Number of protein chains: 2
Amino acid sequence: MRAMPHQTEERRYHHGGLRAALLEAAERSVRDHGVAQLSLRDLAREVGVSHAAPRRHFADRQELLTALAEVGFARLGQDIRGALAETPDEFCARLRGAASAFAHFATGNPALLELMNSTKHHPEAPGVARASDEAFAPILALISEGQQRGLLREGDPQEAGLILFATVNGITTLVNTGLVPAGRLDHLIATAVDLFLRGSAP
Amino acid sequence: MRAMPHQTEERRYHHGGLRAALLEAAERSVRDHGVAQLSLRDLAREVGVSHAAPRRHFADRQELLTALAEVGFARLGQDIRGALAETPDEFCARLRGAASAFAHFATGNPALLELMNSTKHHPEAPGVARASDEAFAPILALISEGQQRGLLREGDPQEAGLILFATVNGITTLVNTGLVPAGRLDHLIATAVDLFLRGSAP
DNA sequence: CAACATTGTTGTCAGTGACTACTTTGCGGT
DNA sequence: ACCGCAAAGTAGTCACTGACAACAATGTTG
C-alpha cells in the first residue's frame, strides 16, 4: 500500500514493481547505514512485503548488492554525461567537467562507491561490466578525441582513460575514508587533471 | 593448544596472545572468504577459545575489522620500504619500485585492500590514520626528494604524493574487480608512473 | 476455461553479534 | 605468603538474519 500510493487501501497480491522498489530501498539503506548493515528483511519490511519476497527477484543478498552496484555505475554514467552536456565544447574544460562530475558523484555517495569498487565482474552477470563500461565511455571518447585532435599524445586511449578514471576513483576513496579532508577534493581533482594533461601532452 | 604449539596438551586458562592470534585468523578468513563473511565465532573456533572471548579484545566486530585494516596499512608500508631498500639510488627507479610494490601488495591482498579502502578514519581510533600515514611516508619522502633535487616541479609534495598514491590504488581496484585483466597491471602502473613523471616535470 | 508460471506468504532452521553473569588466573601491594 | 582485584576467558541467552521449503494467490496464454 505505502509502496503504491495510487492504489486503494487494499494492496493487490502482486506488488507490481517490487524489484525496483527493493533496489530503491536498498540504495537508501546503504546510504544511511552502509553496505554491511543491508538486510533483506529490513528491505522487505520497508517495502511492505513478506520477508522472503525479495528472494523472488534476487537469488540471494549478493545478487541484490550486485544489482545495486550496476545502478550505481548507471547513475555515475548519467552524471558524467549530464556534466558534459553542460560544458562548452572545449576539450580541457570537458575533461575537467567529467572528472569533477565523477568526483562529486563518488563523494556524494560514499557507500555506493564502496560497493561499486568491491563488486566483482562475473561473466554470468554481465550487467555490472556493461554499466561500468558505459560510465567509462564518455571519458574514453574524450581521450580519443583529444588524441585525434593532437591535444594528447598518441597511444592506447583506453589505457590513458583508465588511468584518469582510476586517479579520480582513488582520490575520492582518500576523501571518503577521511584521510583527506573533503574541502580539498576540488583542488586535488583539478591538480590531478592538470597533471594528467601535462603528462599526456604530445 | 593448537594456538600455542610450545605448550603441553592442556592449554592454560589464559591464551596469552589472543589478540594477535585473532588478527592472524581474521586475515586468513578475509583472504579466503572476503570481508562480509568474517565471523567472530568462526575466529574464536579457529583459535580455540569460547565464542565470546574475542569481545574481550575488540569491543565489536567493527573494531576488529578496523584493527585489521591497520595491519594492512602497516604491511603495505613494510612492502614499500622493503622495495625501496632493494632499489638503486636512482629517483625514477625508486618511484617505480614503490608504485610497483604498492600495486603488488594490493592485488595480492584484494580483500584486505578493500577493507583498507572502506575503513573510516576516526579521531578515537588513531591507529589506522597513523598506519596509513606511515605507509604513505616513503612516497611522500620520495616526492620531496625529487622536488628538492629539481627532478620534479615545485609544489606541495603531499598533494603530488596523494595523487600518485590514489592513482595506484585506483588502478589496483580496477584489476581487483576484474574490470581490467591482471596481466595488464604492471604495464598500467608503469604507464601511470611515466605519465606522473612527465606531468610533474619541472 | 483451465493450466501453469510467476510472485508472494508463512514457517523453519542454523548461525550470528551482542550481551550478561559467572569463573579462572596472575599480578601487585602489603 | 596472602589476598584483592582486574583482566581474560566461559557458558548461556536473545533477537535478528539469510536461506530454504511448502503452500497460496494471481494473471497470462492457449
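Residue numbers start from 1 in every chain, and the chains themselves are labelled A, B, ... in the order their sequence lines are given, proteins ahead of strands. Remember, predicted model here, so these are calculated numbers, not experimental data.
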Separation of atom [atom1] in [X] from atom [atom2] in [N], rounded to whole Å:
X	N	atom1	atom2	value
L22(A)	dT7(C)	CG	C1'	12 Å
R61(B)	dG15(C)	CZ	P	17 Å
L18(A)	dT9(C)	CG	C1'	13 Å
Q37(A)	dC16(D)	CD	P	14 Å
L43(B)	dG15(C)	CG	C1'	14 Å
L65(B)	dA18(C)	CG	P	10 Å
H15(B)	dT25(C)	NE2	C1'	16 Å
H14(A)	dT28(D)	NE2	C1'	10 Å

Sub-4.0 Å heavy-atom contacts from residues 51-60 of chain B onto DNA chain C, ordered by number: H51(B), A52(B), R55(B), R56(B), D60(B)
Sugar-phosphate, base or nothing in reach of R41(A), heavy atoms under 4.0 Å: base
Sugar-phosphate, base or nothing in reach of L38(A), heavy atoms under 4.0 Å: sugar-phosphate
Steps toward side chain to side chain donor-acceptor pair (under 3.5 Å) verdict (D186(B), H104(B)): CA-CA 9 Å; D186(B) 287 329; H104(B) 284 108; 3.0 Å; yes
Salt-bridge contact R28(A)-E46(A) (side-chain N to carboxylate O under 4.0 Å): yes
Ionic contact status for E145(A) with R149(A), cut-off 4.0 Å: yes
Side-chain H-bond candidate by donor/acceptor type, [X] with [Y], under 3.5 Å:
X	Y	value
T167(B)	T167(A)	yes
S144(A)	Q148(A)	no
E159(A)	H187(B)	yes

Among dT17(D), dT7(C), dG9(D), the nucleotide that comes nearest once only the side chain of Y13(A) is considered: dT7(C)
Looking at [N], I'd like to know if its phosphate oxygens (OP1 or OP2) sit under 4.0 Å from a side-chain N or O belonging to [X].
X	N	value
S39(B)	dT16(C)	yes
R19(B)	dA8(D)	no
R12(A)	dG27(D)	yes

Qualifying salt bridge (Lys or Arg N to Asp or Glu O under 4.0 Å) pairs with a residue from residues 81-99 of chain B, counting only residues at least two apart or across chains: R96(B)-D194(B)
